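Written below as structure tokens is the structure these notes are about.
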Protein chains: 2
Amino acid sequence: MPNNQFRKGELYSFITGKASTAIARRLQKKFNAASLNLTIEQWSVLYQLWKQDGISQQELCNATFRDKPSITRLVDNLEKLKLVKRVSSKEDRRMNMIFLTNEARKMQEASMVLAEETLNEALESVPADQVEICKQVLQIVYDNLK
Amino acid sequence: MPNNQFRKGELYSFITGKASTAIARRLQKKFNAASLNLTIEQWSVLYQLWKQDGISQQELCNATFRDKPSITRLVDNLEKLKLVKRVSSKEDRRMNMIFLTNEARKMQEASMVLAEETLNEALESVPADQVEICKQVLQIVYDNLK
DNA sequence: TTTGGTTAGTTGTTTAACTAACTATATGCC
DNA sequence: GGCATATAGTTAGTTAAACAACTAACCAAA
């Protein structure tokens with residue numbers, strides 16, 4: 001049974017995800033305005049490290065839904081900014097464990113405030129139960145395509 | 001009143017839109033498998049032209065939520081692929097009207113079948129009313145941040 | 001008619017995504 | 001021990017996004 005409730009005209013924006021783009025752009029602007037010298041992509045990597053420091057690049061790939069070359073470059077750029085450090089693992093010398101610097105740790109508080117602020121602005125006037133349903137649908141979509 | 005029903009751990013994936021990324025990646029794979037030599041971004045431009053041929057680059061910006069440089073480059077690449085043609089307007093010589101070639105017109109049917117197929121796969125087992133709510137929430141999010 | 005502001009589009013630069021091809025290390029099997 | 005295979009990460013090349021600075025054309029008011 002086809003589950004496609006999209007009229008033709010709506011197909012494009014669901015596929016290309018204009019809402020999440022808009023959220024990312026808004027957050028980026030807040031970062032810039034606060035002189036937080038970070039891209040959203042760099043922030044998404046730091047975000048995982050704030051949750052757990054010292055994980056491997058492969059674990060960052062899984063956590064951020066990126067492939068290995070993307071993480072290599074993001075870690076390159078974060079290292080140039082002196083926000084993370086690669087430390088090769090002693091147990092398995094193929095692996096780099098990625099560690100936050102003190103400077104990166106200091107950015108957590110400010111950036112998380114801006115991220116939550118952005119979500120509040122995005123979800124203004126949306127009832128809580130509808131946000132919950134939306135989250136569930138997006139999760140199922142992700143799982144369906146994984 | 002804060003509307004933020006996100007536990008911290010979910011914040012990132014809502015902001016960066018892993019679901020829409022997954023949809024785009026799936027559709028791109030279908031294009032490649034079908035030897036449709038198109039990126040999703042190029043397809044999103046053609047999609048607008050299939051709806052209405054001969055619109056300006058500015059109208060493409062609005063329709064695809066992109067800025068002008070992005071559309072300039074996408075049209076550049078589509079022109080290289082001989083899928084569109086720039087025709088400068090006679091009424092206003094600043095404007096380029098973008099027209100599909102015959103080759104591009106031939107791609108509509110096949111690519112739309114793949115796009116709808118992708119959406120059906122993405123939304124499998126999601127009840128219609130929940131899809132409807134999800135669409136509404138994403139639209140509100142977009143409008144809130146516009 | 002010219003000056004100032006606006007609109008349409010282009011170019012340059014940086015960051016990132018994706019694919020494919022690659023190196024180096026680890027592991028498991030004979 | 002030696003070989004095949006898998007895993008971790010890097011490099012190269014193309015496409016695209018975001019931003020700033022730019023050119024060209026249009027338009028309106030002095």
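Here is the naming used below: chain letters follow the sequence lines, and residue numbers restart at 1 for every chain. Treat the numbers as computed from the prediction; the structure is a model and nothing was measured.
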Minimum-distance pair of heavy atoms, taken over all atoms of [X] and [Y]:
X       : Y       : answer
A122(B) : N144(A) : O-ND2, 2.7 Å
L123(A) : F14(B)  : CD2-CE2, 4.4 Å
T64(B)  : S44(B)  : CG2-O, 3.8 Å
Y47(A)  : M112(A) : CE1-CE, 3.6 Å
T101(B) : V84(B)  : CG2-N, 3.9 Å

Residues from [range] lying under 4.0 Å of DNA chain C - heavy atoms:
range                     : value
residues 70-79 of chain A : S70(A), L74(A), N77(A)
residues 89-99 of chain B : R94(B), M95(B), N96(B)
residues 59-69 of chain A : R66(A), D67(A), P69(A)

| field | Contacts of type salt bridge (charged side-chain N to carboxylate O under 4.0 Å, His left out), residue E59(B), not counting sequence neighbours | value |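 For E59(B), no residue satisfies salt bridge (charged side-chain N to carboxylate O under 4.0 Å, His left out) once neighbours in sequence are set aside.
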| Partner residues of R25(A) under the salt bridge (charged side-chain N to carboxylate O under 4.0 Å, His left out) criterion, sequence neighbours left out |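 None.
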| Excluding sequence neighbours, so at least two apart, what forms side chain to side chain donor-acceptor pair (under 3.5 Å) with E121(A)? |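 Counting only residues at least two positions away or on another chain, E121(A) forms a side chain to side chain donor-acceptor pair (under 3.5 Å) with R26(A), K30(A).
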| E79(B): what forms a side chain to side chain donor-acceptor pair (under 3.5 Å) with it, not counting sequence neighbours? |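 Partners of E79(B) by the side chain to side chain donor-acceptor pair (under 3.5 Å) criterion, ordered by chain and then number, come out as R86(B).
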| task | Could you check which residues of residues 29-38 of chain A get a heavy atom under 4.0 Å from DNA chain D? Sort them by number, please. | result |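 Hits under 4.0 Å, by residue number: none.
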| Stepwise, does the salt bridge (Lys or Arg N to Asp or Glu O under 4.0 Å) test hold for D76(B) with R73(B)? | CA-CA 5 Å; D76(B) 284 350; R73(B) 317 254 197 217; 5.8 Å; no
| request: Give the first and the last nucleotide of DNA chain C, reading 5' to 3', that has any atom under 4.0 Å from a heavy atom of chain B. | output: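 For DNA chain C, the relevant span reads dT7(C) to dC18(C).
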| task | Would you please confirm or rule out a distance under 4.0 Å between OP1 or OP2 of dA16(D) and any side-chain N or O of Q42(B)? | result |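 Yes, Q42(B) has a side-chain N/O under 4.0 Å of OP1/OP2 on dA16(D).
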Sequence neighbours excluded - ring pair (Phe, Tyr, Trp, His ring centres under 6.0 Å) pairs with any residue from [range]:
range                       : result
residues 110-146 of chain B : F65(B)-Y142(B)
residues 75-133 of chain A  : none
residues 74-95 of chain A   : none

| Residues K135(B) and E132(B) bridged, charged N to O under 4.0 Å |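 E132(B) and K135(B): salt-bridged.
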| Between dT11(D) atom P and Q57(A) atom CD, what is the distance in whole Å? |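 Distance check: Q57(A) CD to dT11(D) P gives 11 Å.
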